[in-house]
Protein chains: 2
Amino acid sequence: MSGFERYHRILRCFLHSESQWSVKALAETLDLPASTLYRGIRELVQHRFLESVGDSSYRLGPAFLEFERRLRESDPFIQSGGIFLPSLVRQSPIPICAALCRLHGHEVMCVADARTQGFEGSTAYERGRLMPILYGATSKAVLAGLPLRRRDKIIADAAAQTTVDVVYLTAQLRQLKKQGFLITRGEVDARLAGVAASITLPNDGIYASLTLIAHQSDLTHAIESRLAELVMTHASLIRQFMA
Amino acid sequence: MSGFERYHRILRCFLHSESQWSVKALAETLDLPASTLYRGIRELVQHRFLESVGDSSYRLGPAFLEFERRLRESDPFIQSGGIFLPSLVRQSPIPICAALCRLHGHEVMCVADARTQGFEGSTAYERGRLMPILYGATSKAVLAGLPLRRRDKIIADAAAQTTVDVVYLTAQLRQLKKQGFLITRGEVDARLAGVAASITLPNDGIYASLTLIAHQSDLTHAIESRLAELVMTHASLIRQFMA
DNA sequence: CTATTTTTCTCACTAAATGAGAACATACGA
DNA sequence: TCGTATGTTCTCATTTAGTGAGAAAAATAG
């Protein structure tokens, strides 16, 4: 084990499954001796990436709040979420959640979100959440905005791991570019539908999308049109804000 | 240089002053050769703690969003902020900001916040923000809930670095314990005032406070009383929720 | 296509991480 | 109060990794 990976292996444990770990449990999971682990954990605690929770176990520490805040306040794209999403969801005729998602490497992550008071949805579209790369309007709108070479590489890599109808996907992307938005139903959460538009800013290296998520049961043709209109106008506002 | 500090030195640069750094600037600031830095940065980029921004500079990466989200969803104390703060600010007669802050080591950090639409305040009371330990209602309410020994140690350590009237501070803490809340005016931001109550959960090792921040110009005696009432009832609600 | 900048690589050298076990610290119950 | 169990740090011989100057390669600009 070497370099940052040494620390990241420990931190990763806290992302998945349990949010609190005893040293003993970590030692079994990572197959490392306690003495080595205690050293790594102590360093992470000193730098606030972990914190001790009393009953001889550990959890993620306040450093993540501090760094995340810095990211939030310094990243203009995340800021645009804070500026435009609240007023966007207020204009919706039905309860919705709005999510701004961005490509990082080969993964799409939600970087800002807002929801109407009535929208008691899942936390699937919440800042910090990773999206499935080939499913849902969100990721498809990101893919649609990508340079062809990069898009194909991502699709090929991802398709190797899951079973996806690439022909259908390509058709959806074509449709998205043509009409400016895409509606998908039940692809991520069976009860929900997404209406998404691309936000591509090649100069900043940002490939992203804006998605409105609503309960399928709330949707009518008229409402779908309204949401499509909202998502396109606001995607445009965000593009202008970033330029 | 050794261990995690090697990486933390790099990351710290992004917290203060600039949010984007070129390798050249980092090399000068940290007094390290470029080859060493490139290695460290590459590791941090691979693990998404940094990301490249095209014009040969770097910024904080999406890993912080991911870890912060995990913290937010798994920490019951932060959750209690999400549950109680929105309804709390809605009950205020004037525009306010509500902040839930917690002691981590020798520092007080805001871990959750909410504000009324009309409150166009600073971001001084925002999740992830560190508070001055000896100024303001927020930190004083945290100190007031601390076991005496720990309180005295923190005050002594912090007072050595700034000039503080410890006698006055002690009097304020006494008053806070007696009446259940404390009002300070202009201690953190000259235009603002804070009304705070302690939230102490020794079983969880949580020493914290709830603060309402308002513009001093909006305050009357009647409103102060109302805010004091709100802050005490909600601090109590959060205590119960955590138990 | 060339010049310049950014990034990675190489390698001799230095320094740090590892892990087993002992030692220390702490909490708990008798 | 005293053991006892558990959690945490320490020690040290050994293995492994980090360092930095400069060369080389890649990417970018002119």
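First the proteins, then the strands, lettered A, B, ... as listed; each starts at 1.
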(request) Measure the distance from CG on A:Leu37 to P on D:dT9 and round it to the nearest whole Å. (result) 12 Å

(request) Using atom CG of A:Leu26 as one end and atom P of D:dT8 as the other, report the distance to the nearest whole Å. (result) 11 Å

(request) Mind checking the CD-CG spacing from A:Gln179 to A:Leu182? Nearest 0.5 Å is all I need. (result) 7.0 Å

(request) Take atom CG of A:Asp31 and atom P of C:dA20, then tell me their distance rounded to the nearest Å. (result) 10 Å

Any protein N or O atoms within reach of nucleotides 21-27 of chain C? Criterion: under 3.5 Å, listing atom names and distances.
none

(message) I'd like to check A:Glu5 versus B:Glu43 (side-chain heavy atoms, cut-off strictly below 4.5 Å). Are they in contact?
(response) no

(message) For A:Phe4 and B:Phe49, take the angle between the two ring planes, folded into 0 to 90°, and tell me which bin it lands in: parallel under 30, tilted 30 to 60, perpendicular over 60.
(response) perpendicular

(message) Does a side-chain N or O of A:Arg42 approach OP1 or OP2 of D:dC10 to a distance below 4.0 Å, or not?
(response) yes

(request) Write down the distance between CG (B:Leu32) and C1' (D:dG18), rounded to a whole number of angstrom. (result) 12 Å

(request) Look at atom CG of A:Asp55 and say whether more than 12 heavy atoms of other residues, nucleotides or ligands are closer to it than 6.0 Å. (result) yes

Under 3.5 Å, which N/O atoms of the protein pair with N/O atoms of nucleotides 14-17 of chain C?
| unit_1 | atom_1 | unit_2 | atom_2 | d |
| --- | --- | --- | --- | --- |
| C:dA17 | OP1 | B:Gly3 | N | 2.8 |

(message) OP1 or OP2 of C:dT7 versus the side-chain N and O atoms of B:Tyr38: is any pair under 4.0 Å?
(response) yes

(message) Nearest to the B:Ser56 side chain among D:dG20, D:dG7, C:dT7, which nucleotide is it?
(response) C:dT7

(message) Rounded to whole Å, how long is the line connecting atom CZ of B:Arg9 with atom P of D:dG18?
(response) 16 Å

(message) As an exercise, state the distance from CZ of B:Arg149 to CD1 of B:Ile154, rounded to the nearest 0.5 Å.
(response) 14.0 Å

(message) I want to confirm an ordering. Mapping B:Pro33 and A:Tyr58 to their closest nucleotides on DNA chain D, which one lands closer to the 5' end?
(response) A:Tyr58

(message) In whole Å, I'd like the distance from the CH2 atom of A:Trp21 to the P atom of D:dG7.
(response) 16 Å

(request) Step through the shown structure and confirm whether more than 12 heavy atoms of other residues, nucleotides or ligands are within 6.0 Å of CD on A:Glu18. (result) no

N/O donor-acceptor pairs under 3.5 Å from side chains in residues 231-239 of chain B, not counting sequence neighbours:
| unit_1 | atom_1 | unit_2 | atom_2 | d |
| --- | --- | --- | --- | --- |
| B:Thr233 | OG1 | B:Glu229 | O | 3.1 |
| B:Thr233 | OG1 | B:Leu230 | O | 3.0 |
| B:His234 | ND1 | B:Leu230 | O | 3.0 |
| B:Ser236 | OG | B:Gln240 | NE2 | 3.4 |
| B:Arg239 | NH2 | B:Ser198 | O | 2.5 |

(message) For A:Thr211 and A:Thr138, which I'm curious about, is there any donor-acceptor pair between the side chains at under 3.5 Å?
(response) yes

(request) Using a 4.5 Å cut-off on heavy atoms from C-beta on, say whether the side chain of A:Ser19 contacts that of B:Arg70. (result) yes

